[in-house]
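In the text below, chain A, chain B and the rest are named by the order of the sequence lines, each starting its count at 1.
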Amino acid sequence: MKRLLILGAGTAGTMVANKLRPRLDERDWNITIVDQDETHYYQPGFLFLPFGGYSRADLEKPKRAFMPKGVNLIMGEIDLIEPEDNQVKLVDGTTLPYDYLVIATGTSPRPDETPGLDSDEWYKSVFDFYTIDGAEALAKKLETWEGGRLAINVIEMPIKCPVAPLEFIFLAEAYFAERGMSDQVELVYVTPLPGAFTKPVAARYLGEMLQERKIGLEADYMLEQVDTENSKLISYDEREVEYDLLVTIPVNMGADFVDRSGLGDELNHVPVDKHNFLSDAHDNIFAIGDAAALPTSKAGSVAHFAVDVFTENFLDYIEGLPMRGEFDGHANCFIESGRGKGMLIDFNYDTEPLPGKYPLPGVGPFSLLMETEANHWGKVMFKWMYWNILLPGRELPLPALMSMAGKIPEKVG
Amino acid sequence: MATATIAGADVTVDEEGFMTEFSEWSEDIGSALAGQIGIDLSDAHWKVLNFVREDFQAQGETPTLRRVSKVGGVPTKELFQLFPKKPAKKMSYIAGVPKPHGCV
Ligand SMILES: Cc1cc2nc3c(=O)[nH]c(=O)nc-3n(C[C@H](O)[C@H](O)[C@H](O)COP(=O)(O)OP(=O)(O)OC[C@H]3O[C@@H](n4cnc5c(N)ncnc54)[C@H](O)[C@@H]3O)c2cc1C
């Protein structure tokens, strides 16, 4: 009996289990998946929760509901991978041996990495929305907040869903406008990047959207600490930004056991081949989803495309054949921009997000880098697709690799 | 790509003036590049620059600030003192490696 062990039953791990179970004979292959949390959260929904868009119950489902028959789900906290012995230890002392290991334990916000965040003001004047608790606490705060200066701060890249902080600020602007509070609220976006976003063309479009909405931009800002007593951010080069309400995206890091097992980079993300997810260090270990150190966005859509490529490759790999599929870093993200509109960006390792049309049989085309109502509905629909198509590993009419169809490349120069 | 003459040597640079050929770099070129952006190199600078070059060679990419501080052992605060305002950019400029793409 061969053993495939998957660490993490989040977006990526669940998809891997669902894709591979029907393709690996149950008489020859045991598939086991481990997670420490019974609940699967729809993380993209955390963005809407602070503005009353969803409640907690809308965003939670039991992980077990997504596990196919024949997959052994173990609840427990992973403590250590012992690659030399091909086994994983759980905190409760269980040892799980494997022939092949897939690390899919994601990345998570770490407020304790930044002086000042781990203070009494946490969830009083300082919030995150990357966790369900943070998003819920912020929703309560916003209900009664009387206005002032709201700073949204990204501490360090990479973070998962790198567009989410911008979406948050667009939604906040629309939310306060709707409540007739625009005059009482000043919004400022504080980022370590040189502009609104990482990729130049999209950064320009998004930067213009900030300007139109009179949202301040504090760029190249490397936060050193938050002075919660005086309500201000202090950067390494001693620039101070005052706030009345701070919404921060804490440093995102992979699981600590990755570091303890000697498999992580300085943020506990696992270095892998960017085309096939095989660990640089061990030829029977893969890392997929947010857990992997890849030069593309950490997003559910990326995990989905990645799993498509991984599944076919894995079936060849276990037969001793070369892995033919080459992942290209394809990401496809809806960006909610407020007032019932949204944008869409589509890009990969080599091609930055471009304007144009994104063809999608049946429901598309969607407009790229342009605010439309259809894009907003695309984002709303994504929740249904996530639970009903993506996680169960059903086919979506989306090619895994990026296509140039419909895109308008910018003239160089 | 263009060619620039730095410290008497012809080197290949991109449109922002970053060197594109790892092997064309020398310590003299490093000092000259530092001079261009108003930095006088001390031992503390060299410790960082040597780490950046070694790490680039080993990893195939420019280390981020976090990596220089965690793996290279120089606290971020000190990096800001040595290479004021934009340490990530300045370090890589002087060390003759690409700007860290860091973020996607
Ligand atoms: C606010 C927000 C908005 C987002 N919006 C979008 C969007 O619009 N579109 C999009 O595509 N993506 C979006 N994302 C990103 C998306 O949710 C993630 O990229 C995706 O869930 C990554 O999947 P994953 O399987 O790699 O990690 P996860 O789904 O996070 O799963 C990791 C799993 O590992 C488990 N785990 C971790 N450590 C241990 C341990 N030590 N022991 C046991 N189990 C462990 C966790 O419990 C978890 O179940 C958003 C994320 C956030 C936070």
**Item:** Contact origin within A:Gln225 toward chain B - heavy atom pairs under 4.5 Å
**Value:**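 Neither the backbone nor the side chain of A:Gln225 comes within 4.5 Å of chain B.
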**Prompt:** Using non-hydrogen atoms only, which part of A:Glu352 is less than 4.5 Å away from chain B: side chain, backbone, both, or neither?
**Reply:**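 Neither part; nothing is under 4.5 Å.
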**Item:** Neighbour count >12 (heavy atoms, 6.0 Å) for atom CG, B:Asp40
**Value:**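 It does not: B:Asp40 CG has 12 such atoms or fewer within range.
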**Prompt:** Are B:Arg67 and A:Glu266 ion-paired here, with the side-chain N under 4.0 Å from a carboxylate O?
**Reply:**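 A salt bridge is present here (some side-chain N lies under 4.0 Å from a carboxylate O).
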Do any of [range] have a heavy atom less than 4.5 Å from a heavy atom of chain A, and if so, which, in residue order?
| range | result |
| --- | --- |
| residues 83-91 of chain B | B:Lys85, B:Lys86 |
| residues 3-20 of chain B | none |
| residues 23-34 of chain B | none |

**Prompt:** Which value, rounded to the nearest 0.5 Å, describes the distance between B:Gln81 atom CD and A:Asp237 atom CG?
**Reply:**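 The CG atom of A:Asp237 is 11.5 Å from CD of B:Gln81, to the nearest 0.5 Å.
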**Message:** List the residues meeting side chain to side chain donor-acceptor pair (under 3.5 Å) with A:Lys232, not counting sequence neighbours, and say none if there are none.
**Reply:**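 Scan of A:Lys232 (side chain to side chain donor-acceptor pair (under 3.5 Å), adjacent residues dropped) gives A:Glu240.
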**Message:** Please determine whether side chain to side chain contact (heavy atoms under 4.5 Å, CB included) holds for the pair B:Thr64 and A:Met157, giving the CA-CA distance in whole Å, both sets of side-chain angles, and the decisive distance to 0.1 Å.
**Reply:** CA-CA 10 Å; B:Thr64 57; A:Met157 299 297 287; over 6 Å; no
**Request:** Side chain from CB out, backbone as N, CA, C, O: work out which of these in B:Leu79 comes under 4.5 Å of a heavy atom of chain A, or both, or neither.
**Result:**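 Contact with chain A involves no heavy atom of B:Leu79 at all.
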**Request:** Could you check if a side-chain atom of B:Phe80 sits within less than 4.5 angstrom of a side-chain atom of A:Glu224, using non-hydrogen atoms only?
**Result:**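 When only atoms from C-beta onward are counted, A:Glu224 and B:Phe80 do not touch, as no gap falls below 4.5 Å.
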